[in-house]
Amino acid sequence: MSSQITITLPDGSERQLDEGATVGDLAASIGARLAKAAVIGSVNGVERDLVWPLADGDVVSIITETDDRGLYTIRHSTAHVLAQAVLDLFPGATFAIGPPVENGFYYDFELPDRGTFTPDDLERIDTRMREIIKEQQPFIRDEIAEAVALELFRDHKYKCEIIRGAAEDPMSATETGLVRTYENPPRFIDLCRGPHVPDTGRLGHFKLMRVAGAYWRGDEKNPMLQRIYGTAWASKKELEAYLTRLEEAEKRDHRKLGVELDLFSFPEEIGSGLAVFHPKGGIIRRIMEDYSRTRHEQAGYEFVYSPHITKSNLFEKSGHLDWYADGMYPPMELDGGTEYYLKPMNCPFHILIFGSGQRSYRELPLRLFEFGTVYRYEKSGVVQGLTRARGFAQDDAHIFCTREQAPAELARALDFVLDLLRDYGLDDFYVELSTKPETKAVGTDEEWEEAIEVLRTVALDKGMQLVMDEGGGAFYGPKISVQARDAIGRTWQMSTIQLDFQLPQRFDLSYVGADNERHRPVMIHRALFGSVERFFAVLLEHYAGAFPAWLAPVQVRVLPVRGDHDQFARDLVDRLRAAGFRSDMVVADEPLGGRIRKAKMEKLPYVLVVGDDDVANDTVGVNPRGGDVERDVAVDAFIARLGADVAAHA
RNA sequence: GCCCGGAUAGCUCAGUCGGCCAGAGCACCUGUCUUGUAAACAGGGGGUCGAGGGUUCGAAUCCCUCUUCGGGCUCCA
């Protein structure tokens, strides 16, 4: 009789297994279903392959395909299969790194003679991957000496860089002269720390998505590799659900809806990244802005205006020309050599307003607000619809206050921002705190630390989930940004609040305190929409074009059943307009069904149908978006209902 | 900026190997129809095939440059 070992499970219970039993054996001893779902195990807190032999006293949990780490492993293993397929099919190809990522994985390759993958290649690679999966090749872990590894991977220069420690690879483990590898016999071996699924047969619910260029080690000075992205899931059902989700996201893409709903466009004649808003988009935008103005006014902000261009010395003084000249449109030279720049931001203008006279502590906090249009020369490859444009309006405010007032002002600003975002229909948030950039930063570490502490405290006081973004701050100060999740779960960076000790210093701002001495104010930069255009795009995608009644360009469409109901319909439109609603009608020159359909495709909140009964009784047939038809609704009752919708921002 | 893939009517798209006056659906215009809740019928107009250059007897189609869009990389004050 062989000797036994004792294993402790996560619930504290113990199990006896034969000596030499593996993680997989443990799963099988617990149940057939667990064994089937098992991907890897966690042994004493370290993730291990299912073939890992257990030792007496180990604490083990089985990680299944429904676990995040299990899915991560499936994606990681699928990346290896991708690499094997590519090396099989493309003689002379070499491979770099291939980690799991959100929803899938990628692998970077370099083809001989700067070759590239075509869409047809992806199909061939997919086919080869499925053959490899069918072969059920085991994943075999090994540790070899560095010198042996360098010999084994001598044809793969990127792998050699990783082995020598010259390049980071999050997926490999190279320490003290030993290199860990995983082999899929008979042909493929890769540097890898693992763990992996037991064999390639465990995989299969994947799809290769696209080819992209990517710089080696993420540095644009390095050669560009060919990256293949794929998605991988534990089951066919999950894969299909993911692909459906992508389709859904594509359907609500703001660039597509902008054309379909006639909201805005990017005429080629104007240039890349520069939008024009059409009348319907203009209505939505105007209402967004009007509401924002009203709320800012109530919150104690004062409205200012500033020009679009300025002499270069303003941005020299602010430091922007030192750090971000590349991101600015080149200057116009006027007046015998004076250079004027389009403004990439509004802060210096607001600072000049603050500095235009002697300020007393009694005036603080001074909150200056402007819808300021700025122009940034975004690199040609990064421009994207309304979310990354070259010209856009910021709902920009700068709060000048004393150091002592800053925490309360920050808290107040965050409150305001969250409250307002909720009014626009976003209510699922978390907060990101960005700290001092490695390069490109002004100010001492102490000042940064102080500012970061204040922001951290404010966010935690609000009970917000806080995510750190190390090194992500602006050059003049740390930043807190509100991330909002939209209707289909995507997160968008929305509002930012930044504390700034630097600019007041650079512009030598001061106020006279109660002690009759001059003091330096601090400055808070904050934008709620960030960019009006971008926020417009987020709302458009969030609502999939079906804007709530308060924002909808047309709130009510009236459809007369026959020509002889036209007059009643016209009068009804007038009554609705008089009540303050945006309403129109379509005369009865095509059948009702067709007109209903068109209104539905325009995603209008309400369609009203009026026929004989309605003319006789002053009623309407109400066809609400997403609801059932209601007949014989009194006109007054409908007006009250629409009014309530608008007031509730529903 | 870099890699890959696109650009044909207002929109979505077809157009074979380089070969007749470049097509469809929707939209638009005109007429007929007078309609009770997601597509009435008929007719019509509309294109310098993104721009410029080249190859060719002949280019939407092949080559080059540019503009612009999409997916990534890098970037995002």
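Just so it is clear, the structure is predicted and the values come from calculations on it, not from any experiment. In what follows, chains carry the letters A, B, and so on, assigned in the order in which the sequence lines appear, proteins first and then strands, with residues in each chain numbered from 1.
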Which one is paired to G45(B), where only Watson-Crick or G-U wobble pairs with both distances under 3.5 angstrom count?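 Paired with G45(B), as far as the under-3.5 Å criterion goes, is no nucleotide at all.
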Searching all strands shown, indicate the nucleotide that pairs with A40(B) (Watson-Crick or G-U wobble; both distances under 3.5 Å). U32(B)
How long is the straight-line distance from OG1 of Thr435(A) back to CE of Met468(A), given to the nearest 0.5 Å? 5.5 Å
Look at Glu470(A) together with Lys436(A) and state whether they make a salt bridge at an N to O cut-off of under 4.0 Å.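 So Glu470(A) does not pair with Lys436(A) through a salt bridge.
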Would you classify [X] as touching base, sugar-phosphate or nothing, given that sugar-phosphate means primed atoms plus P, OP1 and OP2, and contacts are heavy atoms under 4.0 Å?
X	value
Ala212(A)	base
Gly218(A)	sugar-phosphate
Tyr229(A)	sugar-phosphate
Gly472(A)	nothing
Gly593(A)	sugar-phosphate
Gly594(A)	sugar-phosphate
Arg227(A)	sugar-phosphate
Gly273(A)	sugar-phosphate
Glu260(A)	nothing
Val607(A)	nothing

Sticking with atom [atom1], work out how far [N] lies from [M], rounded to a whole angstrom.
N	M	atom1	value
A22(B)	U8(B)	C1'	8 Å
U37(B)	A42(B)	C1'	26 Å
U12(B)	A51(B)	C1'	24 Å
U16(B)	C75(B)	C1'	43 Å

Begin from the C-alpha positions of Leu111(A) and Phe117(A) and carry the test side-chain contact (heavy atoms from CB on, under 4.5 Å) through to its verdict. CA-CA 8 Å; Leu111(A) 298 179; Phe117(A) 294 111; 3.8 Å; yes
Would you confirm whether the ring centroid of Tyr377(A) sits within less than 6.0 angstrom of the ring centroid of Tyr375(A)?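 No, too far apart.
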When you measure from the side-chain N and O atoms of Arg625(A) to the phosphate of A38(B), is any distance below 4.0 Å, counting only OP1 and OP2? no
According to a strict under-4.0 Å criterion, is Ser380(A) in side-chain N/O contact with OP1 or OP2 of G1(B)? yes
Walk me through it: do Phe105(A) and Tyr229(A) pass the test ring-ring contact (aromatic ring centres under 6.0 Å, His included)? CA-CA 6 Å; Phe105(A) 59 91; Tyr229(A) 278 95; 8.9 Å; no
Contacts of Tyr375(A) and Asp614(A) projected onto RNA chain B by closest heavy atom; the upstream (5') one is Asp614(A)
Nucleotide nearest Arg210(A) when distance is taken to its side chain, options A27(B), G71(B), C69(B): G71(B)
